[in-house]
Student: 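Submitted below is the structure of interest, expressed as structure tokens.
Naming convention: chains lettered A, B, ... in sequence-line order (proteins, then strands); numbering from 1 in each chain.
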There are 4 protein chains.
Amino acid sequence: MTAKKQHRTTAAPVPLNRAEELLIAAFELFAERNFASVTIKDIGAATGANTALIYYYFGSKEALFRATIENAVDRAFQHFRLLRTQRTTPPEVIAGWLENHVELQDLIRKMVKIGLDYAGTGRRTAPIDRTVRRFYDDEASAVGDAIRAGIRQGLFRKVDVKKLVTFISTHLDGVMVRSMLFDDFDVRAAVAELQAMVWERLGWKPDGDRSSSAVRRT
Amino acid sequence: MTAKKQHRTTAAPVPLNRAEELLIAAFELFAERNFASVTIKDIGAATGANTALIYYYFGSKEALFRATIENAVDRAFQHFRLLRTQRTTPPEVIAGWLENHVELQDLIRKMVKIGLDYAGTGRRTAPIDRTVRRFYDDEASAVGDAIRAGIRQGLFRKVDVKKLVTFISTHLDGVMVRSMLFDDFDVRAAVAELQAMVWERLGWKPDGDRSSSAVRRT
Amino acid sequence: MTAKKQHRTTAAPVPLNRAEELLIAAFELFAERNFASVTIKDIGAATGANTALIYYYFGSKEALFRATIENAVDRAFQHFRLLRTQRTTPPEVIAGWLENHVELQDLIRKMVKIGLDYAGTGRRTAPIDRTVRRFYDDEASAVGDAIRAGIRQGLFRKVDVKKLVTFISTHLDGVMVRSMLFDDFDVRAAVAELQAMVWERLGWKPDGDRSSSAVRRT
Amino acid sequence: MTAKKQHRTTAAPVPLNRAEELLIAAFELFAERNFASVTIKDIGAATGANTALIYYYFGSKEALFRATIENAVDRAFQHFRLLRTQRTTPPEVIAGWLENHVELQDLIRKMVKIGLDYAGTGRRTAPIDRTVRRFYDDEASAVGDAIRAGIRQGLFRKVDVKKLVTFISTHLDGVMVRSMLFDDFDVRAAVAELQAMVWERLGWKPDGDRSSSAVRRT
DNA sequence: TATGAATGAGGGTTCATTCAT
DNA sequence: AATGAATGAACCCTCATTCAT
């Protein structure tokens with residue numbers, strides 16, 4: 001959105017243009033370290049681009065940071081959508097959502113980290129705030145819909161949908177944080193535990209080894 | 001512990017010595033921004049101390065950072081302990097723990113933020129790793145003991161204690177993160193929700209408005 | 001050699017490129033004071049260059065120092081070679097060498113001073129060690145060859161060439177040091193004295209006022 | 001002279017007073033590195049003295065430096081005198097002088113280095129200039145006297161005494177410099193070579209292995 | 001005589017940013 | 001679209017020096 005050209009809607013490993021290449025490298029670096037610690041030169045070095053070129057594309061480090069967030073959210077959406085389309089029944093959607101957090105944990109962890117970095121400093125901007133929120137809300141509403149559908153279909157017990165969704169996604173954030181703090185934290189197990197709790201809350205008994213229960217206990 | 005000298009003879013809110021004063025200011029700043037963004041000069045300005053003095057006490061910015069973490073953990077412990085002694089029955093201990101996260105949310109949020117900052121960069125050190133871990137473990141074990149006692153006393157249903165404790169504290173981290181990301185996140189409500197879930201899990205029915213249920217719904 | 005780029009297309013006193021300009025200014029300053037006393041800012045001020053530019057070209061003060069030594073040795077070589085080509089007979093070569101130390105005393109004194117500064121601190125590096133040695137060895141071998149030729153031609157008495165060369169060049173170092181220590185030390189006279197001693201040792205009788213005896217007594 | 005108390009004329013390993021202890025440590029450090037590179041704290045650390053104490057004794061770093069030079073010259077004199085008294089005949093005095101430069105090479109090298117450091121910067125002071133000169137002159141006059149005596153006694157050929165003395169001491173400086181520049185420089189051999197040259201100049205034939213020829217060839 | 005605390009003035013180095021080409 | 005050169009503003013850190021005790 002910020003970079004001069006881009007929007008590649010097609011599949012995947014098309015030759016990235018320079019701007020997108022920079023955004024991806026920036027994303028990795030900002031996530032690994034943080035805004036203040038990453039140098040424009042670092043990003044240049046990671047992509048073989050001249051420092052001035054980054055300015056040519058993005059105008060300033062802050063603008064690059066913003067563009068990085070937007071681009072990352074876009075890419076995350078694609079990933080999620082891809083995985084979502086295959087699920088249909090409410091339990092499958094919910095299980096799928098949780099599974100995503102295991103499969104894409106690396107991506108999500110990075111996004112949470114950048115999100116925290118973004119939120120933590122005086123760098124905030126309404127458009128970016130909206131982008132971040134959009135990411136969280138979109139996910140939440142998908143799951144909310146699934147729960148509501150499940151209730152309607154008599155699969156789930158009646159619950160306060162909004163509260164439950166918030167509970168789940170808050171917990172998932174906790175899982176991500178934990179895995180940042182401690183190298184030996186078992187994300188898969190934690191998500192499995194969460195899933196068990198959710199099924200209990202919804203009064204849903206998954207049948208043992210069906211694929212809907214994508215997150216297997218370890 | 002970390003600063004060169006200490007000499008505190010009297011009880012508590014005595015005029016802090018210079019080193020501790022610096023540590024506290026540093027904690028606030030590091031939590032608000034992050035290691036890379038906070039200037040030694042900032043810390044000096046916040047305490048009216050000359051920049052060189054900080055080096056006199058701590059030797060380097062990194063050492064100051066480490067000392068800050070240790071000092072913060074120490075102080076957090078004191079807070080927690082203070083609040084803990086008043087609770088006696090298992091449900092009270094658990095409710096108290098949760099309540100602490102509401103009452104001391106500011107402190108805890110800061111600690112999580114600094115913890116993430118610490119974990120995120122190449123600045124890690126075994127002693128500090130241990131300090132951070134100690135903080136988490138100590139809390140966990142206190143709650144674990146309470147749950148086990150509750151089970152023994154027949155108050156709670158039999159559960160996998162370790163898993164439950166991890167679940168709770170992971171969720172609490174999630175709550176903290178959420179409140180960092182979104183200004184309007186209601187920590188009290190989220191913790192209340194968690195408490196409800198915990199009681200359900202433990203098969204414990206608190207009697208409506210008794211003080212044991214310290215975290216009131218909003 | 002050391003600076004990033006060079007592009008010199010034309011012959012000699014073309015406008016120096018920035019890097020070389022810096023190296024020359026650095027040489028003067030390092031020789032006048034010493035590594036520790038010379039500020040990057042000093043060098044910048046002497047060339048009208050921004051401090052950061054020096055880092056752009058050389059990366060660090062130490063690297064600049066090393067580059068300065070290499071560059072100075074290079075330049076000294078050029079000077080020496082220029083003066084050497086004009087001499088042909090063995091006595092002329094020897095006399096020329098000595099004369100060089102009078103004519104180029106300023107340059108040589110500076111090189112010795114920087115050499116001592118370099119040798120004195122923990123800043124030593126194999127490549128630079130080699131460069132310095134190369135400077136001394138090259139000179140020595142040129143004179144050694146001349147003496148050997150003179151002996152072969154029956155001009156000189158048979159002597160231990162290596163020892164004599166070491167003796168002469170050690171003495172020349174002494175002359176340089178003396179002229180550093182005492183402003184009123186007469187370099188020309190000292191070198192003339194050395195020459196007399198050398199001729200005596202070699203059993204060579206120069207005819208009074210011929211140009212071969214370039215170092216006239218004062 | 002500068003330090004508040006001192007002058008110990010007695011033999012050697014008497015318990016040094018604090019000021020002298022500082023001066024000796026300072027001498028070593030200034031010689032090893034140089035004025036600018038040595039920290040007051042370094043000197044303090046080397047003696048276990050508080051930084052402020054050094055100021056108490058010497059007032060400033062420069063004053064300490066000056067005091068160090070004076071003290072070092074004093075101590076060098078003592079050394080030289082001690083060794084000189086044992087020699088009596090002119091050849092013995094000369095040989096002894098040369099030998100001193102081998103035996104005390106470490107001390108002398110340090111003095112030359114500090115001398116150069118002193119001469120090199122704008123730190124010069126008339127009194128110190130005099131002290132340094134005194135050191136050189138005193139030595140020179142002792143040797144000059146010996147040569148003159150030798151000539152008078154018919155042991156030596158008639159020579160220009162002043163010139164010869166300058167030649168010798170200049171060469172000795174050269175030897176010291178060389179040994180600073182190159183770790184593998186053989187001081188003893190170089191001095192032996194110089195001695196041979198001197199004997200030749202003076203027309204003196206030492207008898208093989210007598211103790212007068214203190215500097216043995218290697 | 002001795003010391004811990006404190007400070008002002010840099011010094012080396014980095015970095016976001018710009019500009020001419 | 002791309003780059004090398006250049007710069008101002010900081011930033012971390014050091015150090016000579018002072019002062020109260």
Student: Rounded to the nearest 0.5 Å, how far apart are CZ of Phe27(A) and NZ of Lys113(A)?
Tutor: 11.0 Å
Student: For dC13(F), which nucleotide is its Watson-Crick or G-U wobble mate, given both distances must be under 3.5 Å?
Tutor: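 With both distances under 3.5 Å, dC13(F) matches dG10(E).
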Student: Please state how far atom CG in Asn17(D) lies from atom C1' in dA2(E), giving the value in whole angstrom units.
Tutor: 15 Å
Student: Of Ser37(A) and Ala36(C), whose nearest nucleotide on DNA chain E comes first from the 5' end?
Tutor: Ala36(C)
Student: Expressed as a whole number of angstroms, how long is the span from Arg33(A):CZ to dT14(E):P?
Tutor: 14 Å
Student: Taking the side chain of Leu53(A) as its heavy atoms from C-beta onward, which of dG8(E), dT3(E), dT3(F) lies nearest to it?
Tutor: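 Selected nucleotide: dT3(F).
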Student: Which is more 5' along DNA chain E, the nucleotide nearest Lys41(C) or the one nearest Phe35(A)? Just name the residue.
Tutor: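 It is Lys41(C) whose nearest nucleotide is closer to the 5' end.
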Student: Please report the shortest heavy-atom distance between Asn50(A) and Ala52(A), naming the atom on each side.
Tutor: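 Smallest heavy-atom distance, with atoms named: OD1-N, 2.7 Å.
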Student: Indicate the atoms forming the closest heavy-atom contact of Arg18(D) with Leu53(D), along with that distance.
Tutor: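 Reported closest heavy-atom pair: NH1-CD2, 3.8 Å.
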Student: Are Tyr55(D) and dT17(F) close enough that a side-chain N or O sits under 4.0 Å from OP1 or OP2?
Tutor: yes
Student: Evaluate the salt bridge (Lys or Arg N to Asp or Glu O under 4.0 Å) criterion for residues Glu70(C) and Arg66(C): first the C-alpha distance (whole Å), next the side-chain angles of each, then the deciding distance (0.1 Å), finally the verdict.
Tutor: CA-CA 6 Å; Glu70(C) 290 201 326; Arg66(C) 275 181 247 123; over 6 Å; no
Student: When rounded to the nearest 0.5 angstrom, what is the spacing between CG in Leu64(D) and CG in Leu22(D)?
Tutor: 7.5 Å
Student: On DNA chain F, compare the nucleotides closest to Thr51(B) and Gly48(C); which residue's is nearer the 5' end?
Tutor: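 Going by which nucleotide is closer to the 5' end, it is Gly48(C).
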Student: Please determine whether a side-chain nitrogen or oxygen atom of Arg18(D) lies at a distance below 4.0 Å from atom OP1 or OP2 of dA2(E).
Tutor: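 Yes, because at least one side-chain N or O of Arg18(D) sits under 4.0 Å from OP1 or OP2 of dA2(E).
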Student: Below 4.0 angstrom from OP1 or OP2 of dA5(F), is there any side-chain N or O of Tyr56(C)?
Tutor: yes
Student: Quickly work out the Ile54(D) CD1 to dG4(E) P distance and round it to whole Å.
Tutor: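 My rounded result for the distance is 13 Å.
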Student: What's the CZ-C1' distance between Phe58(A) and dT17(E), to the nearest Å?
Tutor: 16 Å
Student: If you only use heavy atoms from C-beta on, which nucleotide in dA16(E), dT3(F), dC11(F) is closest to the side chain of Thr39(B)?
Tutor: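 Closest of the options to the side chain of Thr39(B): dC11(F).
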Student: Please state how far atom CZ in Phe65(D) lies from atom P in dA16(F), giving the value in whole angstrom units.
Tutor: 13 Å
Student: Between dG11(E) atom P and Ile40(B) atom CD1, what is the distance in whole Å?
Tutor: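 For the pair Ile40(B) CD1 and dG11(E) P, the rounded distance is 21 Å.
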Student: Under 4.0 Å between a side-chain N or O of Lys61(A) and OP1 or OP2 of dA16(E)?
Tutor: yes
Student: For dA20(E), which nucleotide in any strand shown is its Watson-Crick or wobble partner with both distances under 3.5 Å?
Tutor: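 With both distances under 3.5 Å, dA20(E) matches dT3(F).
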Student: Tell me the interatomic distance from Asn50(B), atom CG, to dA5(E), atom P, rounded to whole angstroms.
Tutor: 15 Å
Student: Taking the side chain of Ser60(B) as heavy atoms from C-beta outward, which of dT14(F), dT13(E), dC13(F) is closest to it?
Tutor: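 So the side chain of Ser60(B) is nearest to dC13(F).
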